[in-house]
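Here is the structure we will look at.
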There are 2 protein chains.
Amino acid sequence: MIDEIIAVTIIEDDEEIRQSLSYLINATDGFECISTYPDCESALRKIFEELPDVILMDIGLPGMSGIEGIKIIKQKKPVIDIVVLSIHENDEYVFDALCAGASGYLIKEAQPAKILDAIKEVRNGGAPMSTQIARMVVGSFKVQPSPHLTQRETEVLSKLCDGMSYKMIADKLFISEETVRRHIKNIYKKLEVHSKSEAVAKAIKQKLV
Amino acid sequence: MIDEIIAVTIIEDDEEIRQSLSYLINATDGFECISTYPDCESALRKIFEELPDVILMDIGLPGMSGIEGIKIIKQKKPVIDIVVLSIHENDEYVFDALCAGASGYLIKEAQPAKILDAIKEVRNGGAPMSTQIARMVVGSFKVQPSPHLTQRETEVLSKLCDGMSYKMIADKLFISEETVRRHIKNIYKKLEVHSKSEAVAKAIKQKLV
DNA sequence: TCCAATATCCCCCCTTTGGGTTATGGAATA
DNA sequence: TATTCCATAACCCAAAGGGGGGATATTGGA
């Protein structure tokens, strides 16, 4: 696996960047740039025959956005690893790109060696990212301190999130529907909400369940 | 900043690991291990006076779990960076640890140089992780293809997730409540759910909104 | 040109939910 | 020991939600 040549495709509208990346890749042992495209549309017509191992993908493309392109490629060929090339380190598109299926996220100013490392790393099952991006991603997991729910309340809330009605919850927990209502009233107070859907939304977003 | 010595605290129940890490850190320029603890309880009694820059934290501790410890430390002193040391690369606790506030996640078998790098990296705003872990984290963002909702339906669903009632949605979109009902019926069909809370839960989990 | 999808609206009927109030026994804690 | 918190339970009432019909207008393709 490590000995094999990694086939890379570049999708990038800036011709200079495209060519210098392509040159860099072809000049390095173990890498081959098998194709380059200035936009997603033209790339999508060909890459499913070419089947590169890794795609270096710009986000700010003319026509179809890189995000859309990633979605389509990953849906059709999930084995292709996609590494995003972005201009800014602190990019609002990071999460969109990862949600769409990108496995890595680099800034264009990254040194050539970093880019080659990233290609190798993504091929080995890693997720190459700049340090700032990694911290953003990790930071997105952090949950803010939430109001304290009792054990029973948490239990009830979790069943609410499963879509159960008061009656179903009552049966499941072997308590009366009235008690379920009581717990839910208390939950609403603590979460400062006034309906099931608000409670469910808050519970899921704040990972209360 | 870069010139300053990074103060490190180690929380780790295995004495051998604890001491060898401590030795490693103290033997390296730019690092100082200011304290070590075999469990969270004893650490929590002291670290808020010692104020280390970085804590290397084991997860599988006797008594209070590392996850709990991270929560408490980050709640009280968010500036302290916490890097988790775990035994297995493919650890089920990764997400719990990151949600609790950890900024990095390493395996204990990592080479000494990697550990020192990680401490430096986390101090520079990065999120040091092994490649497998990084891929897990990034992978958790990917959304699976979802049933197609029309633009109007997505709009209505998003307002449902905000906790709005049929009536409020109708007013907001300048349509009748009946039309809102109709859209919601169609949404339920497509999502295969039978209540607002189920729809909201599904929408948020699958990032439909 | 006609069909399918979409967005809009209306009806009926019954269940579920949300907010208010009150009460009791047990456990924890101050 | 006294007090507070928790889980349990009941009642009332008005509003909201959910499932079943059916109807009309627009739009964009096949």
Side-chain angles (χ1 to χ4, degrees), chain A residues 41 44 63-64 68 72 145-206 208-209, chain B residues 41 44 63-64 68 72 145-206 208-209:
Chain A
E41 288 81 352
L44 287 171
M64 181 188 298
E68 273 311 307
I72 295 172
S146 334
H148 171 71
L149 298 184
T150 69
Q151 203 225 305
R152 205 54 160 170
E153 284 163 357
T154 306
E155 217 166 336
V156 170
L157 181 54
S158 116
K159 305 224 177 308
L160 268 196
C161 292
D162 293 340
M164 294 172 74
S165 68
Y166 292 11
K167 173 144 186 46
M168 287 155 67
I169 297 175
D171 289 349
K172 193 86 173 189
L173 298 182
F174 305 108
I175 55 181
S176 89
E177 207 177 318
E178 281 305 319
T179 305
V180 174
R181 284 158 61 68
R182 170 88 267 136
H183 286 310
I184 288 179
K185 284 177 195 183
N186 290 332
I187 292 169
Y188 287 5
K189 271 219 172 60
K190 290 183 183 176
L191 300 188
E192 298 176 294
V193 300
H194 307 278
S195 71
K196 254 206 312 192
S197 34
E198 272 186 287
V200 168
K202 202 152 196 166
I204 297 178
K205 284 181 187 160
Q206 302 197 1
L208 299 178
V209 292
Chain B
E41 288 83 351
L44 287 171
M64 181 188 295
E68 273 311 306
I72 295 172
S146 335
H148 171 71
L149 298 183
T150 69
Q151 204 226 304
R152 205 53 160 171
E153 284 163 358
T154 307
E155 218 166 337
V156 170
L157 181 56
S158 118
K159 306 224 177 307
L160 268 195
C161 292
D162 293 340
M164 293 172 74
S165 68
Y166 291 12
K167 173 146 187 45
M168 287 156 72
I169 297 174
D171 290 350
K172 192 86 174 190
L173 298 183
F174 304 109
I175 55 181
S176 89
E177 210 175 316
E178 279 305 320
T179 306
V180 175
R181 281 160 58 67
R182 168 57 50 197
H183 286 310
I184 289 179
K185 283 179 195 183
N186 291 333
I187 292 170
Y188 286 5
K189 271 220 172 59
K190 291 184 183 176
L191 299 188
E192 298 176 292
V193 299
H194 306 280
S195 71
K196 256 209 307 193
S197 35
E198 272 186 288
V200 168
K202 202 150 196 167
I204 297 178
K205 284 180 188 161
Q206 302 197 0
L208 297 178
V209 290

query: Going by heavy atoms closer than 4.0 Å, what residues in residues 164-174 of chain B are next to DNA chain C?
result: none
Using whole Å, what does the distance between atom [atom2] of nucleotide [N] and atom [atom1] of [X] come to?
{"X": "A/N186", "N": "C/dG20", "atom1": "CG", "atom2": "P", "result": "12 Å"}
{"X": "B/E177", "N": "C/dC9", "atom1": "CD", "atom2": "P", "result": "11 Å"}
{"X": "B/K185", "N": "C/dC10", "atom1": "NZ", "atom2": "C1'", "result": "10 Å"}
{"X": "B/I187", "N": "D/dG19", "atom1": "CD1", "atom2": "C1'", "result": "16 Å"}

Any [X] side-chain heavy atom under 4.5 Å of [Y] side chain:
{"X": "B/Y188", "Y": "B/K196", "result": "yes"}
{"X": "B/L160", "Y": "A/S197", "result": "no"}
{"X": "A/M168", "Y": "A/D162", "result": "no"}
{"X": "B/L191", "Y": "B/L157", "result": "yes"}
{"X": "B/I175", "Y": "B/R152", "result": "yes"}
{"X": "A/K202", "Y": "A/E198", "result": "no"}
{"X": "B/I184", "Y": "B/V156", "result": "yes"}

query: Considering only heavy atoms and no angle criterion, is a donor-acceptor pair shorter than 3.5 Å present between the side chain of A/K196 and the base of C/dG18?
result: no
What nitrogen or oxygen pairs link the protein and nucleotides 5-7 of chain C at under 3.5 Å?
{"residue": "C/dA7", "atom": "OP1", "partner": "B/T150", "partner atom": "OG1", "Å": "3.4"}
{"residue": "C/dA7", "atom": "OP1", "partner": "B/R152", "partner atom": "N", "Å": "3.4"}
{"residue": "C/dA7", "atom": "OP2", "partner": "B/T150", "partner atom": "OG1", "Å": "2.6"}

Which atoms of nucleotides 25-30 of chain C (N or O only) lie under 3.5 Å from a protein N or O atom, and what are those distances?
none

Smallest separation among heavy atoms of A/A201 and B/C161, with atom names: CB-O, 3.5 Å
- prompt: Phosphate oxygens OP1/OP2 of D/dG18: is one of them under 4.0 Å from a side-chain N or O of B/H194?
  reply: no
message: Between B/Y188 and D/dG19, is there a contact of a side-chain N or O with OP1 or OP2 at under 4.0 Å?
response: no
